[in-house]
Amino acid sequence: MRVRVYHGAALAAYGFGQGHPFGPDRLDAFWREFVRQGLERKTEIAAPVACSAEDLALFHTADYIARVRRQSASGEGYLDYGDTPAFPGVYEAASVVVGSVLDGLEGLIEGRCQRVFVPVAGLHHARRDTAAGFCVFNDVGVLIEALRRRHRIRRVAYVDIDAHHGDGVFYSFEDDPDLVFADIHEDGRYLYPGTGAASETGRGAAKGTKLNIPLEPGADDGAFQRAWPRVEEFVRAGRPEFVILQAGADSIAGDPITHMQLSPASHAHATARLCALADEFCHGRFIALGGGGYDRANLAAAWTGVVRAMLDASGEAL
Ligand SMILES: [Zn+2]
């Protein structure tokens, strides 16, 4: 099995309650469609794994980690200015999201698998010292730091097609010339978090290593197809040693909290093309993260499409 997918109740525990846009039923919706398509027979299903506080500290500040732990015990208050509530066990649940991504990385480094998909992960709004936008710990940030400090892999490409700008990743690595960042999102003038203008290209030595492509509300597959070649060219020019995709499904038509009109075909296309780049530059090693997506049918279609594209790109029969 060359494609590994993480699934289990411990991953679904990361959510803000039934009825919340980021509810625990998101993972169930994905899994039902995944099984309906028979994908569990073509992939390696891995159990979620918790990470340690030491893992979190690769990216997050000690103060913030301690604060999440305290509020996880009480289950009270917000972890940011009012979007991301604490709940009992939030520390453990958020640690499982990060731990599963790190476990996937180990699988790739050890050569046990070639591509990894972690639904629920891709919590791209969290900063080093605070939660934001439903994101408690930033698994992308921890992954990038783990690649550098534990595996001496410095040049990392991060591509984000979630409707929201990946601000937690962008600003944490804004002055880092070795983080090749490309993000197609709904224009920040119309959507949270309000950032990601085309003029934001990185700072200092990192100037020119970040590509932000804001699209108008209502942008469809045609607009995505016109923007995509720039992303691919940008990633290729960056000659990354590792490729990460945040495949947020909230950029698909019908999402209740955004205004983009993509179809799952865009997510499948991005995955296929990035797998080809990973084959060219990174020994095929590729991690895709589920990201946002609040219409359950949309996220099920987009994420299964991502897995199918990974299988296809690995020469596995569909
Ligand atoms: Zn989003």
Side-chain angles (χ1 to χ4, degrees), residues 11 14-16 20-27 29-30 79-85 94 97 101 117-127 130-141 143 158-172 181-197 200 211-221 223-224 227 231 244-264 266-267 270-271 287-303 305-306:
L11 255 184
Y14 186 85
F16 300 92
H20 188 281
F22 205 124
D25 57 314
R26 294 171 78 241
L27 188 64
F30 164 65
L79 295 164
D80 54 12
Y81 293 105
D83 277 334
T84 315
V97 176
V101 172
F117 179 67
V118 188
V120 187
L123 301 175
H124 61 171
H125 296 305
R127 304 294 181 97
T130 184
F134 312 154
C135 302
V136 175
F137 293 135
N138 193 325
D139 50 286
V140 179
L143 170 60
Y158 171 73
V159 177
D160 186 323
I161 59 171
D162 191 285
H164 302 93
H165 181 231
D167 58 340
V169 180
F170 181 80
Y171 292 110
S172 300
F181 175 102
D183 192 322
I184 298 178
H185 50 271
E186 182 173 333
D187 193 314
R189 287 175 293 179
Y190 309 100
L191 188 70
Y192 176 93
T195 53
E200 297 190 85
L211 175 67
N212 280 300
I213 306 181
L215 298 182
E216 292 293 313
D220 60 7
D221 284 343
F224 186 88
V231 171
I244 304 164
L245 171 67
Q246 202 272 24
D250 47 11
S251 45
I252 292 174
D255 189 87
I257 69 173
T258 83
H259 320 96
M260 288 177 76
Q261 305 275 336
L262 304 186
S263 84
S266 286
H267 293 63
T271 305
I287 289 191
L289 310 166
Y294 305 102
D295 178 279
R296 276 43 179 169
N298 279 357
L299 74 82
W303 293 354
V306 166

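Numbering of ligands and ligand atoms starts at 1, following listing order.
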What N, O or S atom of [X] is found closest to the Zn ion (ligand 1)?
X	result
Asp250	OD2
Asp162	OD1
His164	ND1

Checklist entry - Counting N and O atoms only, with roles assigned by atom type, does the side chain of Asp139 sit under 3.5 Å from a partner on the main chain of Gly122, one being a donor and the other an acceptor? => result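 The answer is yes, because a donor-acceptor pair under 3.5 Å joins these two groups.
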Next on the checklist: Looking at Thr258 and Asp250, would you say the former's side chain and the latter's main chain have a donor-acceptor pair under 3.5 Å?
Outcome noted: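 Checking the backbone N and O of Asp250 against the side chain of Thr258, a donor-acceptor pair under 3.5 Å is found.
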Next on the checklist: I'd like to know whether the aromatic ring centres of Tyr192 and Phe134 sit less than 6.0 Å apart in this structure.
Outcome noted: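 Here the rings of Phe134 and Tyr192 have centres that are no less than 6.0 Å from each other.
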Next on the checklist: Holding to side-chain contact (heavy atoms from CB on, under 4.5 Å), I want the full list of residues that pass it with Ala94, two or more places apart in sequence or in another chain.
Outcome noted: Tyr14, Val136, Phe137
